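Below is one structure, written out as structure tokens, with a few remarks after it.
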Amino acid sequence: MSIALRKRHVLGEASLDRGAYSPTNTSSAPATPRLAVDNVTLEYRTRQHVVKATQQVSFNVQEGDRFVLLGPSGCGKSTLLKAIAGFLTPAEGSIRLDGNTIHGPGPDRIVVFQEFDQLPPWKTVKQNVMFPLVASRTLGRKAAEQRALKTLEKVGLGRFADAYPHTLSGGMKQRVAIARALAMRPRVLLMDEPFAALDALTRRKMQEELLALWEQEGFTLLFVTHSIEEAQIIGNRVLLLSPHPGRVRAELGCAEDSLHSLGSEATKARTQTIHRLLFENEVAP
Amino acid sequence: MSVHDLRGPVDPRVDRFFDLPPVDVRELKVARSVGQRLWDQSVVRKTVILLLLVVAWEVVARVQNNPLMLPSAMETASALWHGLASGVLLARVSASLSVLLKGFALGAFLALALTTLAVSTRIGRDLLTTLTSMFSPLPAIALLPLALLWFGLGEASLIFVLVHSVLWAMAINIHAGFQGVSETLRMAGRNYGLKGLRYVAFILIPAALPALLAGLKIGWAFAWRTLIAAELVFGASSGKGGLGWYIFQNRNELYTDNVFAGLVVVIVIGLLVENIIFDSVERLTVKRWGMVR
Ligand SMILES: Nc1ncnc2c1ncn2[C@@H]1O[C@H](COP(=O)(O)OP(=O)(O)OP(=O)(O)O)[C@@H](O)[C@H]1O
Ligand SMILES: [Mg+2]
């Protein structure tokens with residue numbers, strides 16, 4: 001079955017039957033966004049300097065969004081994601097989750113990292129998925145185990161529940177990380193180039209799977225990438241960041257673009273627009 | 001004009017296609033011979049090495065033919081047998097082991113506590129690095145006179161020097177292990193709301209387990225050395241001496257075969273602990289998890 005069709009179906013008329021992300025007012029945006037990033041400046045303090053990574057970035061993520069941060073390497077995407085996860089404190093501005101300013105990391109915002117070593121090697125696949133549930137005391141052991149198995153089934157790794165991470169391929173490890181994040185049912189799921197270390201074929205497959213999972217679960221996603229194509233496939237909204245220091249260049253809707261519209265004129269036109277916005281000020285080397 | 005044309009000259013090779021018949025599954029898995037599989041067992045290989053060493057010893061001793069200086073393997077074995085049969089050697093071993101385990105456990109615990117403090121607070125880290133750089137170079141034996149002054153002629157003095165010899169080496173290893181834990185894994189742990197002791201217990205300790213085990217091994221070896229040396233220096237504590245005392249006494253009375261028997265016991269215990277206890281722990285943990293090969 002085609003992902004594109006299903007995606008359009010969900011995004012179009014049928015979003016009404018999904019109470020999760022369609023409150024009573026379907027036309028206007030809800031009062032408090034799921035995630036509000038307000039005028040956020042982020043800095044790194046090194047011994048000699050204070051390095052500004054992002055400058056006065058603002059955007060809102062609504063419930064059920066697949067919100068993509070897109071920008072050239074070094075523009076501060078990862079930094080922004082780390083700040084939202086609570087690992088960094090903004091030098092200026094504030095980050096609010098459901099209207100509450102965030103303080104430090106918490107299991108209501110689960111991160112899927114790019115690195116494969118995010119899975120503790122001493123835990124089996126199943127134990128890895130259970131880990132945040134148990135560690136954050138969200139569920140008891142029994143319930144956590146059941147939810148872990150169910151989620152692993154969803155990402156197609158049911159058979160590998162008792163395997164150790166070092167016996168899995170890179171793509172399978174990322175699937176475990178995604179299952180682990182989904183099992184927590186976080187308020188917002190944060191992904192930092194989760195597919196960047198995968199080969200092109202596996203990456204395409206993982207993109208399809210992520211979209212399929214989103215259709216089933218309807219989570220709120222914040223996704224970082226530096227690939228325009230990936231942004232268009234995954235996202236329903238893209239935030240374009242300027243090169244270092246990251247500032248908001250534009251925010252676009254791209255819900256119509258999908259894996260299966262890659263050849264279409266509208267999608268190509270949007271790719272052009274994004275490309276121009278990202279690189280127009282760049283001087284050729 | 002460029003030298004290389006991407007289109008290339010006409011390639012004479014033709015495209016090839018193959019129909020792949022199904023593979024015979026029996027060919028995929030071929031049993032290896034018993035000899036090969038035996039040689040895969042490290043126990044077998046190590047036993048062979050040990051046997052060769054014993055044979056070499058026996059040959060050298062027979063050539064020398066001076067049992068007072070170098071008793072042969074056979075003579076040592078018989079001395080060992082007599083020592084064990086009379087119960088003397090076993091009593092010495094158990095006296096030594098009991099002190100050793102106490103000192104080792106206390107040292108390991110303190111090392112873990114100190115390193116936990118060091119990863120939790122900045123001042124804790126400064127404390128650890130300062131203390132280790134101060135005390136780590138200090139030989140445990142040099143502290144023995146002080147220990148005797150403070151704790152008297154008894155087990156407490158021995159435990160004191162044991163803790164000293166174990167603690168700093170292990171603390172350095174464990175701390176290095178904690179510091180080597182990947183940033184991603186740390187962030188993942190904090191992401192799930194782990195803090196303080198729970199963070200150390202659920203993330204840092206398992207992630208640093210290879211370094212922790214290396215630290216335990218080093219600590220164990222240091223403890224043995226220190227204990228035997230300390231017993232040699234100040235002999236029996238409260239009437240029942242350990243292995244070091246046994247070696248010292250027999251040397252004084254020129255029972256060299258008994259001295260060798262005592263040394264062999266030290267070696268055998270070391271081999272057993274290394275090959276049975278540490279190996280099993282590694283096989284069940286870090287090797288199983290693919291953290292070390
Ligand atoms: N630990 C750090 N200390 C100092 N500066 C840092 C640190 N981490 C990142 N930076 C700086 O902050 C800026 C943003 O880095 P960040 O990792 O957020 O980029 P990014 O957009 O994620 O890039 P990429 O697409 O390559 O991952 C960079 O200019 C980088 O030099
Ligand atoms: Mg990055």
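Convention: sequence-line order gives letters A, B, ...; per-chain numbering from 1. Values in this document were obtained by computation on a predicted structure and should not be read as measured data.
- For a residue to count as touching a neighbouring chain, one of its non-hydrogen atoms must lie under 4.5 Å from one of that chain's; by this rule A:K123 does not touch chain B.
- In terms of heavy-atom pairs under 4.5 angstrom with chain A, the leader among B:M187, B:R186, B:M291 is B:M187.
- From B:E183, atom CD reaches atom CD of A:Q118 across 13.5 Å, with rounding to the nearest 0.5 Å.
- Counting heavy-atom neighbours within 6.0 Å of B:R32 CZ, excluding the residue itself, gives a total above 12.
- Per-residue counts of heavy-atom pairs under 4.5 Å with chain B were compared for A:A135, A:P132, A:G104, A:P120; the largest is that of A:P132.
- Interface remark: A:R109 contributes backbone atoms only to the contact with chain B (heavy atom separation under 4.5 Å).
- Side-chain contact between B:F202 and A:V134: absent, with no pair of heavy atoms (C-beta onward) separated by less than 4.5 Å.
- Interface residue A:F87: backbone and side-chain heavy atoms are both found under 4.5 Å from chain B.
- Within a 6.0 Å radius of CG in B:L197, other residues, nucleotides and ligands contribute 12 heavy atoms or fewer.
- For A:L133, no part sits under 4.5 Å from any heavy atom of chain B, backbone or side chain.
- No other option in B:G193, B:G189, B:G290 has as many heavy-atom pairs under 4.5 Å with chain A as B:G290.
- Rounding to the nearest 0.5 Å places CG of B:L209 at 9.5 Å from CH2 of A:W122.
- Taking 4.5 Å as the heavy-atom cut-off, none of the residues of residues 111-129 of chain B approach chain A.
- In summary, the side chains of B:Y192 and A:R137 do not present any donor paired with an acceptor at a separation below 3.5 Å, with no hydrogens or angles considered.
- Remark: B:F109 CZ is loosely packed, at most 12 non-hydrogen atoms of other residues, nucleotides or ligands lying under 6.0 Å away.
- Ranked by heavy-atom pairs shorter than 4.5 Å toward chain A, the options B:P206, B:A207, B:A188 are led by B:P206.
- Within 6.0 Å of atom CZ in A:R203, more than 12 heavy atoms from other residues, nucleotides or ligands are found, so the atom counts as buried in its surroundings.
- Here the closest heavy-atom approach between residue B:L185 and residue A:L119 is recorded as CD1-C, 4.0 Å.
- The CZ atom of A:F113 sits 6.0 Å away from atom CG of B:N191, with the distance rounded to the nearest 0.5 Å.
- Other residues, nucleotides and ligands contribute over 12 non-hydrogen atoms within 6.0 Å of the NZ atom of B:K287.
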